[in-house]
Amino acid sequence: MAVKAYDLTGRTAFVTGAASGIGRASALLLAEAGATVHCADRDARKLHETAALIKAAGGEAHAYELDVADKEQIDRAVAQAAAAATTGTGTGTGTGTGRLDIMAAIAGIMHSSPVLETREKDLDRVLDINFKGVLYACQAAARAMIEAGTGGSIITMASGAVDTGGPGLLCYGASKAAVVQLTKTLATEVGPHAIRVNAVAPGWIRTPMTERHDSHAQAHTEEVMTRMSPLGRVGEPDDIAHAVLHLAADASSFTTGQILRPNGGVAMPW
Ligand code: NAI
């Protein structure tokens, strides 16, 4: 029997980074749970592939080719997604005609360089995509949710990098630490509108992002992470998609301002 608190029938979700890895797995799972999923990514080919996979499984999907670091593009796409939906099954009290129930701001890039070799342009690029891209998506989503008065759930993608230091992690870790601060701050500001905001901080997940590292370094990191995990393995995109589903659904209705850490137990902060 399906659990009602995980049923997203009638809900509208917007997922950035939906063309690949964690974003694609999350878009597919939210659709499987019943949501209409608006998929956004800059990789047009793989983006349309995700939308086609959702439709082939009987779900409803729309695709937006965009750069999350471009505020205007995000604003336009989120407004379009919200306008396409109607109110009815949310957690708030509004009666507007547009609605957005779920934002999963997942798009991001990896960058690794030692502190002493880090160039300003690398830092800017990583912050533009990983932090400002998430900020713009959160702003657009929160505005749409407040306007509709239907409440909602915003999910950001942080990283296990916020729990540990590590050589080369300056730009990436700083961008993810900023995402955590954004998540907590926004949660306090939009809670009165029945909007929840939470971050997911995954451990090492096997995706095209981690596979892009040179294969020797990747094999080494996988080996280390596997050894560090009490579960004895690294993660798969579906492990994170299920965390996203939990935070998106009514099942987590009393959870806000939190960091959920599907990391195989590699780090166990208080
Ligand atoms: P991925 O590389 O498989 O997917 C990232 C997606 O984001 C791609 O489809 C890419 O085209 C899109 N994207 C990147 N920059 C964009 C931009 N400016 N505009 C629009 N789309 C853009 O990577 P993965 O592993 O699925 O990562 C997803 C998120 O999870 C990222 O935020 C990443 O930092 C985070 N994460 C990943 C971990 C891992 O071990 N794979 C661990 C912790 C966090």
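When a ligand or atom number is given, it counts from 1 through the structure's own listing order. Keep in mind the model is a prediction, meaning the values are calculated, not measured.
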With no hydrogens and no angle check, just 3.5 Å: does a side-chain donor-acceptor pair link [X] and [Y]?
X      : Y      : value
Thr150 : Arg99  : no
Thr12  : Thr36  : no
Arg196 : Ser252 : yes
Thr185 : Gln181 : yes

In the protein, what heavy atom is nearest to [atom], and what distance, to one decimal place, separates them?
atom                    : result
atom 43 (C) of ligand 1 : Pro202 O, 3.5 Å
atom 23 (O) of ligand 1 : Met209 CB, 3.2 Å
atom 35 (C) of ligand 1 : Met157 CG, 3.6 Å
atom 34 (O) of ligand 1 : Tyr172 OH, 2.6 Å
atom 6 (C) of ligand 1  : Asp41 OD2, 3.7 Å
atom 31 (C) of ligand 1 : Ile106 O, 3.2 Å
atom 1 (P) of ligand 1  : Ser20 OG, 3.5 Å
atom 21 (N) of ligand 1 : Arg42 N, 3.3 Å

Single-linkage hydrophobic cluster, 4.5 Å side-chain cutoff, [X] and [Y] together:
X      : Y      : answer
Val180 : Met103 : no
Val244 : Leu28  : yes
Val179 : Ile106 : no

Is a salt bridge present between [X] and [Y], judged by a nitrogen-to-oxygen distance below 4.0 Å?
X      : Y      : answer
Asp122 : Arg119 : yes
Glu223 : Arg227 : yes
Asp124 : Lys132 : no

CD-CD distance between Gln73 and Glu65, expressed to the nearest 0.5 angstrom: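 One finds 8.5 Å between CD of Gln73 and CD of Glu65.
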Taking 4.0 Å as the limit for heavy-atom contacts, which would you say applies to [X] with ligand 1: side chain only, backbone only, both, or neither?
X      : value
Leu66  : backbone
Thr210 : side chain
Pro237 : neither
Arg206 : neither

Any heavy atom of Gly235 sitting closer than 4.0 Å to ligand 1?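 It does not, in that no heavy atom of Gly235 comes within the 4.0 Å cut-off of ligand 1.
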Heavy-atom contact check, 4.0 Å cutoff: does Ala161 meet ligand 1? no
Considering only heavy atoms of [X], which atoms of ligand 1 have at least one such atom less than 4.0 Å away?
X      : result
Gly17  : 6 (C), 7 (O)
Trp204 : 40 (O)
Ile129 : 15 (N), 18 (N)
Asp67  : 17 (C), 18 (N), 19 (N)
Pro208 : 3 (O)
Ile22  : 26 (O), 30 (O), 37 (C)
Lys176 : 31 (C), 32 (O), 33 (C), 34 (O)
Ala107 : 7 (O), 13 (N), 21 (N), 22 (C), 32 (O)

Distance-minimising heavy-atom pair for Met209 and Gly108: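 Reported closest heavy-atom pair: CE-O, 3.4 Å.
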Tell me the nearest of Ile205, Thr207, Asn263 to atom 40 (O) of ligand 1, using heavy-atom distances. Ile205
Among Thr50, Leu47, Thr207, side chain to side chain contact (heavy atoms under 4.5 Å, CB included) partner for Arg24: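 Testing each of Thr50, Leu47, Thr207 against Arg24, the sole residue satisfying side chain to side chain contact (heavy atoms under 4.5 Å, CB included) is Thr50.
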Take atom NZ in Lys184; do more than 12 heavy atoms of anything else shown fall under 6.0 Å from it? no
